[in-house]
Participant: 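Pasting a structure here, questions to come.
Predicted, not measured: the structure shown is a model, and the values here were computed from it. In what follows, every heavy atom counts, from backbone to side chain, and hydrogens, waters and symmetry copies are set aside.
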Amino acid sequence: MAADLDVSMDTWSFYTSLVSLWLHRFYIYSVVAVGISIWIIVQFLTTKTRRKGEKSNGNPPSSEGTEDKLVNGSATLEAKELCVAGVKIFYGSQTGTAKRFAKGLAEAVISLCLPVEVISMGDYDPDDCLAEETTSRNVCVFLVATYTDGQPTESAAWFCKWLQEAAHDFRFGKTHLKGLRYAVFGLGNSVYVDHYNTRDRELEDGEVGKNLAQENSGRKEESERREMITPALREALTKQGYKLIGSHSGVKLCRWTKSMLRGRGGCYKHTFYGIESHRCMEATPSLACANKCVFCWSIGERWRIELCSGDCTASRNIAVQIIVPLSLHIRHHTNPVGTEWRWKMDQPEMILQEALENHRNMIKQFKGVSGVRADRLAEAMTAKHCALSLVGEPIMYPEINRFVKLLHQHGISSFLVTNAQFPDEIRNLEPVTQLYVSVDASTKESLKRIDRPLFRDFWQRFLDSLKALSEKQQRTVYRLTLVKAWNVDELKAYADLISLGKPDFIEVKGVTYCGESSASNLTMANVPWHEEVVRFVQDLADLVPDYEIACEHQHSNCLLIAHKKFKVDGDWFTWIDYGRFQELVREHERSGGAETFTAADYAARTPEWALFGSRERGFDPLDVRYQRKNKARDISGC
């Protein structure tokens, strides 16, 4: 019995202990947790002390340690050693900032004793080379600036376009660049809230192709499209005197309109074609363009140039005086860019109505101004001409034909300027009074340098545009802007382009200097003297036997070469019978296009004072030449 009792007591004690442990389990868990925490802290401090000792002794850390590895643009913690053979730094720069950053980064990499290569995206062919980097030991760094309206810079445009196409090309697939080790650094201005650092964010997220495809696919509803004019751009343009219309159009009063209101002479279009400058509205239905020309009119500060400040009739020399700085135009290239329409679109009826209203309101401001002629002020209230050459690319506007027809229905002549990058649009364009194509260079290299086009196939588009121009029956014009030391030595090439497009007229004008800008390296040295423009025109005319020099507007540093078919019995007929043109275009529209007409059908005789070699040098004798003394003269305008 005693033995049995002892066993029972032992069993009871055992169960009692278990129950006690269970009841006090929380305290036991806490002690264990504290112990584990102390062990982890001890291990951490021991490891840290050992690594500091290795570092102070100059011993490299073990490759078995934890090290960041850059894979597909992200750092992952893996116990592997990263082997870097070199660094390739790609930059897409517009004003040079990204390029400077790239060079600074290259110097830092060199200090690490690593090979480095700095590459402009504009000189790099990703189709041939980028895939090779997925298996190389190089790290690719992309320094990307965001340009106008969230677009890539011109030098990076093709690189981004290639990414867009490759992302949706079944031959590549979405894993085409898997394994590429890269980093992205964006440069942008936080003022442009809607598209701040758009390029680098999309590049880093791998969404370039998808986003651009969505924007350009045409499947977006109109309500989802962005407005062309951002709030910041609207504010800046308004300050510079632009009257903006809707989301992508605008008008501005040309300085020649003001000049003719005062009886001080009209623009070269008045001399060459009989335009009444005080009745001309300068406008555009598209502020966007596919080029970023070095001499493009844009907004900001500019330096004005005084041409012919003294009497230079005899010497043909032009005195140039620079006045610093006046608030007008500069080549900051703030207008939007694009290769196709991807913005919200306003209707042409609204654009024309508001354009005319804004133009009249600007004219009204001259009522009572000293020197303004009452008769011309009254005439100016009704626009008779429209120069679609303000800024941007009017032919990009999808409803350009409807807009032009509306102009004609209002009895307004149409002078449309295009940059020779949209050949299909030129072919499909309805008759206009006069169609201009800007021929800013005659070789592929100089055109790229001067116009800085966005299209990769810009040269073929340029040639196709000239071919399309040759098929038009109405008046056509090549507009050549001479940039000294850039394109004045391409006479034979220009002659070949004239043979290709067969224009009715060729306007040759010296470039206007508008001050220094980080977006353009144009300087005063690039502005040709009038005598240099005359010599160029004479040499060019000698190479094109079907053409002769017809007119001159010395005040604009501009001359006109005309096809000999406009010279009848020794008299030039470069002017336009505007009433006859309106009759012809109405008959054409009533017949559904069956009734056609040509440039010769609405030609008018050119007055003697407008001809090349005349004593007036293109200045209308009905006006009075006004010479300013030590004051700036704005020579801007269409």
Side-chain angles (χ1 to χ4, degrees), residues 154 268 284 288-298 329 331 333 335 337 339 387-396 415-423 426 434-469 476-501 503 505-514 517 519-523 525-528 532-533 536-537 539-540 544 556-561 635-638:
E154 295 162 20
Y268 72 88
T284 181
C289 187
N291 287 348
K292 301 300 293 184
C293 305
V294 297
F295 44 75
C296 175
W297 294 107
S298 192
H329 308 285
R331 314 184 194 289
H333 305 96
N335 60 304
V337 293
T339 56
L388 296 170
S389 62
L390 179 59
V391 70
E393 176 59 88
I395 209 169
M396 282 183 70
F415 290 75
L416 189 148
V417 181
T418 178
N419 287 316
Q421 289 296 295
F422 297 92
I426 292 176
Q434 191 154 282
L435 177 60
Y436 287 79
V437 169
S438 294
V439 182
D440 302 323
S442 60
T443 67
K444 182 177 181 179
E445 293 73 22
S446 58
L447 187 69
K448 182 177 182 180
R449 188 170 67 251
I450 294 174
D451 278 6
R452 300 190 294 185
L454 270 63
F455 282 108
R456 183 174 175 83
D457 59 341
F458 68 92
W459 183 244
Q460 189 58 51
R461 284 177 167 272
F462 179 75
L463 297 177
D464 289 344
S465 294
L466 300 187
K467 293 176 185 177
L469 194 77
T476 59
V477 183
Y478 275 11
R479 187 160 78 167
L480 275 61
T481 301
L482 295 188
V483 186
K484 193 174 179 180
W486 284 35
N487 64 355
V488 296
D489 299 323
E490 303 172 359
L491 278 168
K492 179 61 172 63
Y494 274 120
D496 292 338
L497 292 181
I498 292 171
S499 299
L500 180 65
F505 306 98
I506 305 155
E507 294 177 3
V508 184
K509 188 178 187 300
V511 68
T512 301
Y513 178 66
C514 294
S517 167
S520 171
N521 56 358
L522 197 69
T523 70
N526 297 117
V527 180
E532 294 175 310
V533 177
F536 176 91
V537 170
D539 293 340
L540 180 59
V544 284
S556 292
N557 200 12
C558 187
L559 285 90
L560 179 71
I561 301 175
I635 61 171
S636 64
C638 56

Participant: Among residues at least two apart in sequence or on other chains, which ones pass side-chain contact (heavy atoms from CB on, under 4.5 Å) with Ser465?
Facilitator: Ala420, Pro423, Ile426
Participant: Which residues pass the side-chain contact (heavy atoms from CB on, under 4.5 Å) test with Thr443, not counting sequence neighbours?
Facilitator: Glu445, Ser446, Glu490, Ala493
Participant: If we only count heavy atoms from C-beta on, is the Pro503 to Val477 side-chain gap below 4.5 Å?
Facilitator: no
Participant: side-chain contact (heavy atoms from CB on, under 4.5 Å) with Val537: which residues, sequence neighbours excluded?
Facilitator: Val508, Val533, Ile549, Leu559, Ile561
Participant: What distance do Glu393 atom CD and Asn291 atom CG have between them, rounded to the nearest 0.5 Å?
Facilitator: 7.5 Å
Participant: Would you say Ser438 and Val417 make side-chain contact, with heavy atoms under 4.5 Å?
Facilitator: yes
Participant: To the nearest 0.5 Å, what is the distance between CG on Leu435 and CG on Leu416?
Facilitator: 6.0 Å
Participant: Go through the structure and list residues passing side-chain contact (heavy atoms from CB on, under 4.5 Å) with Lys467, not counting sequence neighbours.
Facilitator: Asp464, Leu500
Participant: When rounded to the nearest 0.5 angstrom, what is the spacing between CG in Leu540 and OH in Tyr494?
Facilitator: 9.0 Å
Participant: With Asp496, which residues qualify under salt bridge (charged side-chain N to carboxylate O under 4.0 Å, His left out), at least two apart?
Facilitator: Lys492
Participant: Working to the nearest 0.5 Å, report the span between CH2 of Trp459 and NZ of Lys448.
Facilitator: 13.0 Å
Participant: Val439 and side chain to side chain contact (heavy atoms under 4.5 Å, CB included): which single residue from Leu447, Asn419, Leu466, Thr481 fits?
Facilitator: Leu466
Participant: Just verifying a value: how many Å separate Ser442 OG and Ile498 CD1, rounded to the nearest 0.5 Å?
Facilitator: 9.5 Å
Participant: Under the side chain to side chain contact (heavy atoms under 4.5 Å, CB included) test against Leu497, which residue among Ile506, Val437, Leu480, Leu463 passes?
Facilitator: Leu463
Participant: Before we go on, tell me: are the rings of Phe422 and Phe455 under 6.0 Å apart, centre to centre?
Facilitator: yes
Participant: Is there a donor-acceptor pair under 3.5 Å between the side chain of Tyr268 and the backbone N or O of Lys509?
Facilitator: no
Participant: For Gln421, which residues count as a side chain to side chain donor-acceptor pair (under 3.5 Å) partner, sequence neighbours excluded?
Facilitator: none
Participant: Examine distances only and state if a side-chain atom of Tyr436 and a backbone atom of Glu507 form a donor-acceptor pair shorter than 3.5 Å.
Facilitator: no
Participant: With rounding to the nearest 0.5 Å, note down the distance linking CG in Leu454 to OG1 in Thr339.
Facilitator: 7.0 Å
Participant: Any side-chain heavy-atom pair from Lys444 and Phe462 closer than 4.5 angstrom?
Facilitator: no
